[in-house]
Amino acid sequence: MLVFFSYTRNLLKPRSPSPLPFTSIMLMSQSTSIPKKQDRVRDHGFDKYMEVEKKTRKVLKFQSLILSQPSQTLPISRFDSLARRLGLGFKENEAAAYLLKFPHVFEIYEHPVLRILFCRLTQKALLQIEQEKQALHAQLPDAVTRLRKLVMMSNTGRLRLEHVRIARKEFGLPDDFEYSVILKYPEFFRLFDARDTRNKYIEIVERDPELAICAIEKVREREYREKGLDAEDVRFSFLVNFPPGFKVGKYYRIAVWKWQRVPYWSPYENVSGYDLRSLEALKRMEKRAVATIHELLSLTVEKKISLERIAHFRMAMNLPKKLKDFLLQHQGIFYVSTRGNYGKLHTVFLREAYRKGELIEPNDLYLARRKLGELVLLSSRKAKVDKELVSSRRDMEVDDIVCVRPDYMENDLKDFGVEYEIEHDEEGKDNLDSDFVSDDIDETEDLDEKEDTV
């Protein structure tokens, strides 16, 4: 059975080499039978998922600010300036009021010496962070395998270290994965600097044939065994589940049936030896791009990743330029959600991995991350919040918060040993985590690689 589901490697015999380098050829043709332009049909289950993540994304940024401080506390007066500097979309005096919306995550208290309001994380939030750290450490062997498969999918067997670093959370890699994963396993990975671009690259040491099995191949075998479908129909097919309200006409259904039977090369297979100028080869490469994105999503922890981060791997994996249009052409396999950042962020979900907005086969890391969303959605009425603090929120002015003189604060801080630096509005004085800041600007990197992507 495994032999039956393995890909045919001699479908097209190699001919004369192409006059242009393989990586410079645009391998997307106009010959597919599925209509190119498709209107996006919303799936409310995925959109609700992103609405919760939109809230947790801001909460995570505030958490990073607090945890970056030595005392893991911050005065309320600093949140407005830090939020504006990081471009979180808050107006003046809104950041402090935003913290009161999540009393199960942030605890606001009055400093016993300075007599001003400070913010720290609640015990529930700290417990969630610890659970996520433990889950991340426990699944580290699986993360090593995922990274090996990810690098194996590239044309040259190498990927830019910065591109992997940007998407490290999606693939379940720790922040220090360069040392704890790449350099720790020299039998799997090699790290080197490119002379021409001066960029660091991750290179696979040796391709493992046992890892070159796509997730969709296992799904096909399961479908064949459980449902007894025709072998020829499922040999190159994908699970298709259109969103509610998607109009599937007679001719469209026939076009999808024909496309399902088109053979293609595996994302792990080296196709540089094939002649890719024929129409049949272009058809197979189109379907190979679908399989590559499918496998890329299967390697993520939550079976989702932003479209902008997929674009970072476009050149290395020969994906089409206009990724959004390409994914909308296959709405039965992928779902593209624009919720979460005022339509500026596109998140791609693997439809077969979800049911009603929840992961069908959840893992510990996914569950730990979802607990933060549960804390965000908990009603503030059930939280233990100082009634006087909540009642005075509307009448609270910034002058009332920062009315303490700097010299008074400095003297008291020295006397009582409070680990807090007074801000003098000088550049570079804020103790911000470098990875936290870089994650906000990573989507603007490599514009030359992402031109005309979305």
Side-chain angles (χ1 to χ4, degrees), residues 5 7-8 11-12 26-47 214-217 219-224 226-267 276-298 303 307 310 318-338 346-356 452-454:
F5 283 96
Y7 289 102
T8 306
L11 293 173
L12 292 177
M26 290 298 100
L27 298 172
M28 299 299 111
S29 71
Q30 303 295 326
S31 60
T32 181
S33 56
I34 298 180
K36 287 290 183 182
K37 294 185 178 180
Q38 295 289 332
D39 295 331
R40 184 171 61 90
V41 179
R42 290 191 178 277
D43 193 319
H44 296 292
F46 292 104
D47 287 340
C214 297
I216 189 60
E217 297 183 46
V219 173
R220 290 193 192 108
E221 185 173 354
R222 185 179 69 246
E223 290 288 311
Y224 177 79
E226 294 180 356
K227 299 182 179 180
L229 301 177
D230 184 78
E232 192 64 26
D233 289 338
V234 301
R235 187 176 183 182
F236 301 106
S237 64
F238 290 81
L239 290 183
V240 176
N241 180 23
F242 293 105
F246 187 86
K247 296 180 180 180
V248 182
K250 174 183 177 181
Y251 296 102
Y252 186 86
R253 192 181 301 273
I254 294 175
V256 172
W257 179 82
K258 290 182 178 179
W259 180 85
Q260 291 276 47
R261 296 171 68 92
V262 173
Y264 66 97
W265 292 290
S266 169
L276 303 175
R277 295 172 295 182
S278 65
L279 184 61
E280 183 68 20
L282 293 177
K283 287 183 179 181
R284 299 182 186 205
M285 290 303 296
E286 283 182 359
K287 196 168 183 179
R288 184 177 188 263
V290 175
T292 301
I293 300 176
H294 185 284
E295 184 69 5
L296 193 68
L297 289 169
S298 300
K303 307 306 183 235
L307 184 64
I310 295 179
N318 284 288
L319 299 177
K321 278 188 175 181
K322 297 184 178 181
L323 277 173
K324 182 180 177 182
D325 294 339
F326 182 76
L327 293 172
L328 291 180
Q329 188 182 349
H330 303 280
Q331 296 188 53
I333 304 174
F334 312 108
Y335 180 73
V336 181
S337 176
T338 58
H346 300 78
T347 305
V348 184
F349 289 85
L350 185 60
R351 293 191 58 86
E352 66 190 56
Y354 281 82
R355 182 181 293 120
K356 295 182 179 180
D452 298 330
T453 299
V454 295

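Below, all heavy atoms of this structure are taken into account, side chains as well, without hydrogens, waters or symmetry copies.
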Would a distance-only check, ignoring hydrogens and angles, find a side-chain to backbone donor-acceptor pair under 3.5 Å from [X] to [Y]?
X	Y	result
R351	N241	yes
E352	V240	no
E295	T292	no
K287	V262	yes

4.5 Å side-chain heavy-atom contact, K258 and I34: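 Answer no - side chains too far apart.
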L350 vs I293 side-chain heavy atoms within contact, under 4.5 Å: no
Quick one: list whatever passes side chain to side chain contact (heavy atoms under 4.5 Å, CB included) with [X], sequence neighbours left out.
X	result
V248	F242, F246, Y252, R253
D47	R42, Y335, S337, R339
R222	V219, E226

Pairing residues for F238 by the ring-ring contact (aromatic ring centres under 6.0 Å, His included) criterion, not counting sequence neighbours: W259, Y264, H294
What is the minimum heavy-atom distance between [X] and [Y], and which atoms define it?
X	Y	result
I333	L239	CG1-O, 3.9 Å
L319	A289	CD2-O, 4.0 Å
F334	V290	CZ-O, 3.6 Å
I216	S237	CG1-O, 4.0 Å
V41	Q331	N-OE1, 3.1 Å
R40	V336	CD-O, 3.2 Å

R355: partners by salt bridge (charged side-chain N to carboxylate O under 4.0 Å, His left out), with sequence neighbours left out: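 Result, salt bridge (charged side-chain N to carboxylate O under 4.0 Å, His left out) vs R355: none returned.
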Exercise: do S266 and R288 side chains pair donor with acceptor under 3.5 Å: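 There is no such pair (donor and acceptor under 3.5 Å, judged by atom type) between the side chains of S266 and R288.
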Between [atom1] of [X] and [atom2] of [Y], what distance do you get to the nearest 0.5 Å?
X	Y	atom1	atom2	answer
L307	T347	CG	OG1	9.0 Å
K324	H346	NZ	NE2	3.5 Å
S278	R284	OG	CZ	8.0 Å
F236	R220	CZ	CZ	8.0 Å

Distance flag, aromatic centroids of F349 and Y354, threshold under 6.0 Å: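 Yes - the distance between ring centres of Y354 and F349 falls below the 6.0 Å cut-off.
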Side chain to side chain donor-acceptor pair (under 3.5 Å) against Q260, all qualifying residues, sequence neighbours excluded: none
